[in-house]
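Working notes, structure below.
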Amino acid sequence: EMLRSLVGSEMCKETETTQPAIHVYTANFVETPADLGKDGCAYGKRGAFCLETQNFPDTINHPNFPSPILRANTPYRQETQFHFSLKGEA
(Lines give C-alpha, C1' and ligand atoms only; values in the text may rest on other atoms or scores of the structure.)
Protein backbone atom coordinates (compact mmCIF):
# COMPACT_ATOMS: atom_id res chain seq x y z
CA GLU A 1 0.00 0.00 0.00
CA MET A 2 1.31 3.43 -0.89
CA LEU A 3 0.61 6.29 1.47
CA ARG A 4 1.61 9.83 0.61
CA SER A 5 1.77 12.83 2.88
CA LEU A 6 3.14 16.32 2.61
CA VAL A 7 5.64 17.38 5.26
CA GLY A 8 5.85 21.16 5.47
CA SER A 9 5.20 22.83 2.16
CA GLU A 10 8.28 21.79 0.17
CA MET A 11 9.00 18.17 1.12
CA CYS A 12 7.08 15.05 0.15
CA LYS A 13 7.28 11.73 1.91
CA GLU A 14 6.06 8.44 0.49
CA THR A 15 5.69 5.38 2.68
CA GLU A 16 5.53 1.80 1.47
CA THR A 17 4.80 -0.80 4.13
CA THR A 18 3.52 -4.30 4.62
CA GLN A 19 1.85 -3.15 7.84
CA PRO A 20 -1.84 -2.18 7.74
CA ALA A 21 -1.51 1.14 9.62
CA ILE A 22 0.72 4.07 10.52
CA HIS A 23 0.62 5.51 14.02
CA VAL A 24 1.48 9.21 14.33
CA TYR A 25 3.30 10.17 17.53
CA THR A 26 3.55 13.93 18.11
CA ALA A 27 5.62 14.23 21.31
CA ASN A 28 2.83 16.07 23.12
CA PHE A 29 4.31 15.35 26.54
CA VAL A 30 8.04 15.69 25.84
CA GLU A 31 9.98 18.33 27.75
CA THR A 32 13.74 17.73 27.68
CA PRO A 33 16.08 20.29 29.28
CA ALA A 34 18.84 21.63 27.00
CA ASP A 35 21.55 19.91 29.03
CA LEU A 36 20.00 16.51 28.17
CA GLY A 37 19.33 17.07 24.47
CA LYS A 38 21.80 16.39 21.68
CA ASP A 39 24.31 19.23 21.23
CA GLY A 40 22.59 21.27 23.94
CA CYS A 41 19.23 21.28 22.20
CA ALA A 42 16.06 21.40 24.29
CA TYR A 43 13.25 19.25 22.95
CA GLY A 44 9.88 20.78 23.67
CA LYS A 45 6.27 19.74 23.42
CA ARG A 46 5.35 18.84 19.82
CA GLY A 47 8.95 19.55 18.75
CA ALA A 48 9.05 16.37 16.67
CA PHE A 49 6.89 13.63 15.30
CA CYS A 50 7.31 9.97 14.52
CA LEU A 51 5.50 7.73 12.04
CA GLU A 52 5.38 4.14 13.27
CA THR A 53 4.10 1.40 10.97
CA GLN A 54 2.18 -1.20 12.93
CA ASN A 55 -1.12 -3.05 13.33
CA PHE A 56 -4.39 -1.18 13.70
CA PRO A 57 -5.04 0.17 17.21
CA ASP A 58 -7.26 -2.18 19.24
CA THR A 59 -6.83 -4.85 16.55
CA ILE A 60 -6.97 -7.67 19.10
CA ASN A 61 -10.66 -6.85 19.69
CA HIS A 62 -11.65 -6.84 16.01
CA PRO A 63 -11.76 -10.26 14.34
CA ASN A 64 -12.00 -8.62 10.90
CA PHE A 65 -8.55 -6.94 11.39
CA PRO A 66 -5.26 -8.74 10.64
CA SER A 67 -4.10 -10.74 13.67
CA PRO A 68 -1.38 -9.12 15.81
CA ILE A 69 -0.54 -12.42 17.52
CA LEU A 70 2.92 -13.84 16.91
CA ARG A 71 3.28 -17.49 17.90
CA ALA A 72 6.56 -18.93 19.22
CA ASN A 73 9.00 -20.05 16.53
CA THR A 74 6.98 -18.33 13.80
CA PRO A 75 8.96 -16.05 11.50
CA TYR A 76 7.89 -12.42 11.56
CA ARG A 77 8.90 -10.04 8.82
CA GLN A 78 7.54 -6.60 8.03
CA GLU A 79 9.06 -4.03 5.74
CA THR A 80 8.75 -0.26 5.66
CA GLN A 81 10.42 2.13 3.25
CA PHE A 82 10.33 5.91 3.51
CA HIS A 83 11.10 7.94 0.39
CA PHE A 84 11.63 11.69 0.60
CA SER A 85 11.66 14.19 -2.25
CA LEU A 86 11.35 17.91 -2.77
CA LYS A 87 8.13 19.36 -4.15
CA GLY A 88 8.10 19.14 -7.93
CA GLU A 89 10.59 16.24 -8.10
CA ALA A 90 9.58 12.69 -8.92
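- Applying the salt bridge (charged side-chain N to carboxylate O under 4.0 Å, His left out) rule to Arg77 yields the partners Glu79; only residues at least two apart in sequence or on another chain are considered.
- Note that OG1 of Thr17 and CD of Gln54 are 10.0 Å apart. Values are rounded to the nearest 0.5 Å.
- Phe84 CZ to Thr15 OG1: the interatomic distance, rounded to the nearest 0.5 Å, is 7.0 Å.
- Residues Leu70 and Thr74 come closest through the heavy atom pair CD1-O, 3.6 Å.
- Think of Ile60 as one node in a network of Ile, Leu, Val, Met, Phe, Trp and Tyr side chains linked at under 4.5 Å; its network also takes in Ile69.
- Contacts of Phe82 classified as ring-ring contact (aromatic ring centres under 6.0 Å, His included), with partners at least two apart in sequence or in another chain: none.
- The side-chain heavy atoms of Asn55 and Gln19, taken from C-beta on, include a pair separated by under 4.5 Å.
- The two residues Phe56 and Ala21 make their nearest non-hydrogen contact at CD2-CB, 3.6 Å.
- Take Tyr25 and apply the side-chain contact (heavy atoms from CB on, under 4.5 Å) test, not counting sequence neighbours, and it matches His23, Ala27, Val30, Cys50.
- The side-chain contact (heavy atoms from CB on, under 4.5 Å) search around Asn73 returns none, not counting sequence neighbours.
- Screening residues 44-55 for salt bridge (Lys or Arg N to Asp or Glu O under 4.0 Å) gives no qualifying pairs among residues at least two apart or on separate chains.
- Nearest heavy atom pair, residue Thr59 against residue Pro66, reads OG1-O, 3.1 Å.
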